[in-house]
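The basis for the numbers below is simple: all heavy atoms, side chains too, and nothing from hydrogens, waters or symmetry mates.
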Amino acid sequence: MLEKKYNFKDVEKKWQDYWYENDIYKFDKENSKKRYTIDTPPPTVNGKIHMGHLSSYIHIEVIARHHRMKGENVYFPFGFDDNGLPTERYVEKKINKKAYMMPRETFVNICLEETKKLEDEFFDLYKRAGFSCNLKEHYSSIAPRTQKISQQSFIDLYNKGLVYHAEAPTLWCTECQTACAQSELDSASIESTFNYLKFFISGTNEYITVATTRPEMLCGVVCVFINPNDEKNQHLLSKKLVVPYFGYEVPVLADELVDMEKGSGVVMCCTFGDTVDKEWQRKHKLPIKKCFTDNGRMTSLAGEFEGFKIIEARKAVIEKLKEKDLLIKQDVITHEVSTHERCGTPIEISVKNQWFIDVLSHKDELYQAGLDLNWYPKTMRARYLNWVENLSWNWCISRQRYFGVPFPIWYCKKCGKVKLANIEDLPVDPLKEQPKTPCECGCTEFIGESDVMDTWATSSLTPQISTDLCTNKGFDDEMVPMNLRPNAHDNIRVWDFYTITKSLYHFKKLPWTDLMISGYVLSSDGSKLAKSKNNSSNSPQNIIDNYSADVTRYWASNLTLGKDTNFSLVEFDNGKKLINKIWNASKFVLSFLENYTPKQVELEMMDKWILEKYKSLYQKFTKALDKYEIALALNELEKFFWNFCDNYIEIVKRRLYNPDIYGERQCESAKYACYYVLLGILKMFSPVLPHITEEIFMDSFAKNEGQKSIHVSGYLNIGEDIDESIIKMGDAVVDCVSQVRQFKSLNKLSLKTFIKDIVVSSKYTNFFKAVEPDVKGVCSVNEIKYVDSDNFNVEIGEVISEEN
RNA sequence: GGGAGUUUAGCUCAGUUGGCUAGAGCAUCUGCCUUACAAGCAGAGGGUCAUAGGUUCGAGUCCUAUAACUCUCACCA
């Protein structure tokens, strides 16, 4: 028997423990059933989880449970992305010290401790949300077995010539003091000044106007460009110009990229002030002049400004230019500047020795991969394609940081050649170990690479890393391609792109077949949620405490895939109502089904009707979920469920209560339909509401059905052929009942009020006659008359009394 | 500047490949304590589907343009 009230706090905890202890969701790799494999996103361990993350994971969860209920063998692994810059910054902030202030090993150990603490919190939250992933064994992107896979990937790319080491212009963060990748850029709107400067033509008193937002880089000017079609400035090509204030001379060159409309139509080129400078440096083989150091201070090139921070230098130079009358005018402008996503510092371009994975020469293949994958929703494909089209930097994977997977390489002290580690020795730390064999040149002394790999260089291998947990096959894996990669849309250009890249490069195949892209959950005012912002009242922990895991899952399941949503508590109240209704309806129906075992009887028409409608719902529901349309599936199910409660149960309850009046068989027929429809509905609700459905199932169905959990019991499919005519006729009966109810409502009568007679005009007289006892009962009508007609109509007779 | 999305009831949103009178929840109003549920039930009111054209027997849905908002990429001299 079910309790009178549903107590989610006790019930949810009870089943979470039960599932965990009994390995209900364990993946059985020996099983020959159809597999469904999920490349679960490992959360970045750099702060607290917010409702956005949680909702995205709930989508994955529902899909995993759906496939499990379809009878598939679901591989739903779990892991953490717990190394790299995001984690380092989290730890630096927490301990209020910078990594470079201590020995590398000390910092790495603190990182390991701090991530462990956060991971325990994450783990607890996932359990409390009712997640059916494998919580017992999870991967970590810094664990030795992961490092091994990551290092092997590097060696494979090296051997294939797809990764190279070069001194090249690199996106550089002066705050984090590391190189970064194009995908790590954000943009910020910054107020700045556009400064019009006098560049004197060498040996004359004539000057030409050049506009720049970065006067501090005047010390690094290598040339001045004009457009080859710029007639009025053609004469400059043979001349030299004097760089204002700094006084040295630079040549004038022509290039089509110069926009004649912008500024003065003449532009100075530094190496490097922005991305166009990078192009020009390569094309015109310009010298490289470093104006600032790794930590963002001016170099000796800046003369008296050496040691100034970039922004300070800019101000100081402008003052000097004013003093010397070299500044013609200043326009205040607001422009978009690329910044580092982790710290918001404007990105500089610097020349450094870095490791790059070549992506620019494989754009076509990468683009094609986007076309070959199934994107849900479809529009997300465009974001990927757009990103690939706009790629302008190769993927820089080296970071001048500390807590990351090391490169498995050394440089020969004598000849400088790269020495790779042996695959069987992985993982290696080149700072602690030495190669086992000498260099080709005979030298036995090596310098280990001190850079570490970017975290994406590793997490782009999650298909290999996660399946390795189950197969122990490491880098090579038979379970790839996986079925599903789920993530939010911000990760398309990052994690998805990199994973596709690696999979194509290593194995010439796609890493998965489907992508399910979730939207963002925004604050109620439309601003972004962030892990770093801690708005606690809406923290996942509090929401689950207040509303239950099932209600939280209901909320997330109602979000449209791929679409951003402002957070609101309204859906939570709807979820609460649904839970309450499921509980009450089940309790009521089951009160008639104690010790009942279903047996086939001749069915009453309204019982056939609800079963046919169930079949129709079942098809719509599974079809929608197969296409990752969680909200649509849930919607159909809710509509059916409410109809089941408010119409079907109301219609049959008299038969259930009074077999003596309505007949023994008629009562058995209602029990049969109630048993299977309720069971079927609970199974369909189970992916979204795993706790309450388990509670009811285990209380009342498990024994009959011979199952240890609803979640591995499979959906209830009672047939493919749907009798549409019964559905239509039964719907007409409901329509008739509605009209009688409407009549009573409009006349402010109680629904109990008896009506002397009604006249039903319809095409379905025989059907109405067959269900006459049901209709009479639910409508409190004493007599029904019938008229054959194409037009449906219900005429309502005299009101008798409130009691009879 | 390129690309994508959104615009439907007071609010939050559904609306499949064009097809009967455009749906749901919340809110509002009216009734009803009906042998599961008042955290419930039965009803009612509320919409020029952003705007303007077009295709069609028929358009919320398809096409063109416009507007507003959002996201994304790029520009950043």
Touch check for [X], heavy atoms < 4.0 angstrom, all strands: base, sugar-phosphate only, or nothing?
X        : value
A:Cys269 : nothing
A:Ser568 : nothing
A:Lys563 : sugar-phosphate
A:Val589 : nothing
A:Glu650 : base
A:Asp259 : base
A:Lys576 : nothing
A:Lys623 : nothing

Could you tell me which residues satisfy side chain to side chain contact (heavy atoms under 4.5 Å, CB included) with A:Thr193, sequence neighbours excluded, listed by chain and number? A:Asn195, A:Ile318, A:Gln330, A:Val332

Distance between [atom1] atoms of [N] and [M] (Å, rounded):
N      : M      : atom1 : answer
B:rC20 : B:rA59 : C1'   : 15 Å
B:rU55 : B:rU8  : P     : 27 Å
B:rA52 : B:rA9  : C1'   : 24 Å
B:rU21 : B:rU17 : C1'   : 23 Å
B:rC13 : B:rG60 : P     : 22 Å
B:rA4  : B:rU66 : P     : 14 Å
B:rA50 : B:rA14 : P     : 14 Å

Apply salt bridge (Lys or Arg N to Asp or Glu O under 4.0 Å) to the pair A:Asp607 and A:Arg655, showing each step before the final yes or no. CA-CA 11 Å; A:Asp607 301 331; A:Arg655 266 197 269 141; 2.7 Å; yes

Separation of [X] atom [atom1] from [N] atom [atom2], in whole Å?
X        : N      : atom1 : atom2 : result
A:Met380 : B:rG5  : CE    : C1'   : 8 Å
A:Leu751 : B:rG40 : CG    : P     : 16 Å
A:Phe743 : B:rU30 : CZ    : C1'   : 16 Å
A:Ile492 : B:rA4  : CD1   : C1'   : 10 Å
A:Asn643 : B:rG25 : CG    : P     : 13 Å
A:Ile579 : B:rG40 : CD1   : P     : 13 Å
A:Lys639 : B:rA14 : NZ    : C1'   : 9 Å
A:Ile190 : B:rA77 : CD1   : P     : 12 Å

If we ignore hydrogens and angles and just use 3.5 Å, is the side chain of A:Asn227 paired with the main-chain N or O of A:Asp259 as donor and acceptor?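 No: the side chain of A:Asn227 does not pair with the backbone of A:Asp259.
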
Give a yes or no answer on whether the side chain of A:Arg654 reaches the backbone of A:Gly777 with a donor-acceptor pair at less than 3.5 Å. yes

Contacts table for residues 629-646 of chain A: side-chain donor-acceptor under 3.5 angstrom, sequence neighbours left out:
| residue | atom | partner | partner atom | Å |
| --- | --- | --- | --- | --- |
| A:Glu638 | OE1 | A:Tyr554 | OH | 2.9 |
| A:Glu638 | OE2 | A:Tyr554 | OH | 3.1 |
| A:Asn643 | OD1 | A:Asn647 | ND2 | 2.7 |

Kindly determine whether A:Glu650 and A:Lys653 satisfy salt bridge (Lys or Arg N to Asp or Glu O under 4.0 Å), including the steps that lead there. CA-CA 6 Å; A:Glu650 285 302 321; A:Lys653 71 183 186 190; 3.3 Å; yes

Holding to ring-ring contact (aromatic ring centres under 6.0 Å, His included), I want the full list of residues that pass it with [X], two or more places apart in sequence or in another chain.
X        : result
A:Phe225 : A:Trp280, A:His284
A:Trp395 : A:Tyr498
A:Phe792 : none
A:Tyr6   : A:Trp583

Residue [X], side-chain heavy atoms: nucleotide from [options] that is nearest:
X        : options                : result
A:Lys577 : B:rG40, B:rU16, B:rA77 : B:rG40
A:Ala382 : B:rG31, B:rA4, B:rG40  : B:rA4
A:Asn658 : B:rA77, B:rU35, B:rA42 : B:rU35

Hey, which of these two, A:Asn647 or A:Ala585, hits RNA chain B nearer its 5' end, going by closest nucleotide?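 Looking at the nearest nucleotide for each, A:Ala585 comes out on the 5' side.
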
A:Ser586 or A:Lys5, whichever maps to the more 5' nucleotide of RNA chain B: A:Ser586

Dot-bracket line, read 5' to 3' along RNA chain B, where crossing pairs take [ ] and | marks a partner on another strand, Watson-Crick or G-U under 3.5 Å: (((((((..((((.....[...)))).(((((.......))))).....(((((..]....))))))))))))....

Considering only nitrogen or oxygen atoms on both sides, find all protein atoms under 3.5 Å from nucleotides 43-46 of chain B and state each distance.
| residue | atom | partner | partner atom | Å |
| --- | --- | --- | --- | --- |
| B:rG43 | OP1 | A:Ser738 | OG | 3.3 |
| B:rA44 | OP1 | A:Gln742 | NE2 | 2.9 |

Assert yes or no for the condition that the ring centre distance of A:Trp555 to A:Tyr547 is strictly below 6.0 Å.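 A:Trp555 vs A:Tyr547: aromatic centres not under 6.0 Å.
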
Among residues two or more places apart or on two chains, list those pairs meeting salt bridge (Lys or Arg N to Asp or Glu O under 4.0 Å) that have a residue in residues 208-218 of chain A.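 Non-adjacent pairs meeting salt bridge (Lys or Arg N to Asp or Glu O under 4.0 Å): A:Arg214-A:Glu216, A:Arg214-A:Glu348, A:Glu216-A:Arg314.
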
A:Lys577: salt bridge (Lys or Arg N to Asp or Glu O under 4.0 Å) partners, not counting sequence neighbours: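 Result, salt bridge (Lys or Arg N to Asp or Glu O under 4.0 Å) vs A:Lys577: none returned.
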
Test of understanding: with salt bridge (Lys or Arg N to Asp or Glu O under 4.0 Å), list the residues that count as partners of A:Asp731, not counting sequence neighbours. A:Lys613

Give a yes/no on whether any side-chain N or O of A:Lys581 is located under 4.0 angstrom from OP1 or OP2 of B:rC41. yes

B:rA77 OP1/OP2 closer than 4.0 Å to side-chain N/O of A:Ser264: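 No, no such contact exists.
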
Please tabulate, one pair per line, each protein N/O and nucleotide N/O from nucleotides 67-76 of chain B that are separated by under 3.5 Å, including the distance.
| residue | atom | partner | partner atom | Å |
| --- | --- | --- | --- | --- |
| B:rC71 | O2' | A:Arg383 | NH2 | 3.4 |
| B:rC73 | OP1 | A:Arg493 | NE | 3.3 |
| B:rC73 | OP1 | A:Arg493 | NH1 | 2.2 |
| B:rC73 | OP1 | A:Arg493 | NH2 | 3.4 |
| B:rC73 | O2' | A:Asn390 | ND2 | 2.9 |
| B:rA74 | OP1 | A:Gln182 | NE2 | 2.7 |
| B:rC75 | OP1 | A:Thr275 | OG1 | 2.7 |
| B:rC76 | O2' | A:His335 | ND1 | 2.3 |
| B:rC76 | O2 | A:Glu336 | O | 2.5 |
| B:rC76 | N3 | A:Glu336 | O | 3.0 |
| B:rC76 | N4 | A:Ser338 | N | 3.4 |
| B:rC76 | N4 | A:Ser338 | OG | 2.6 |

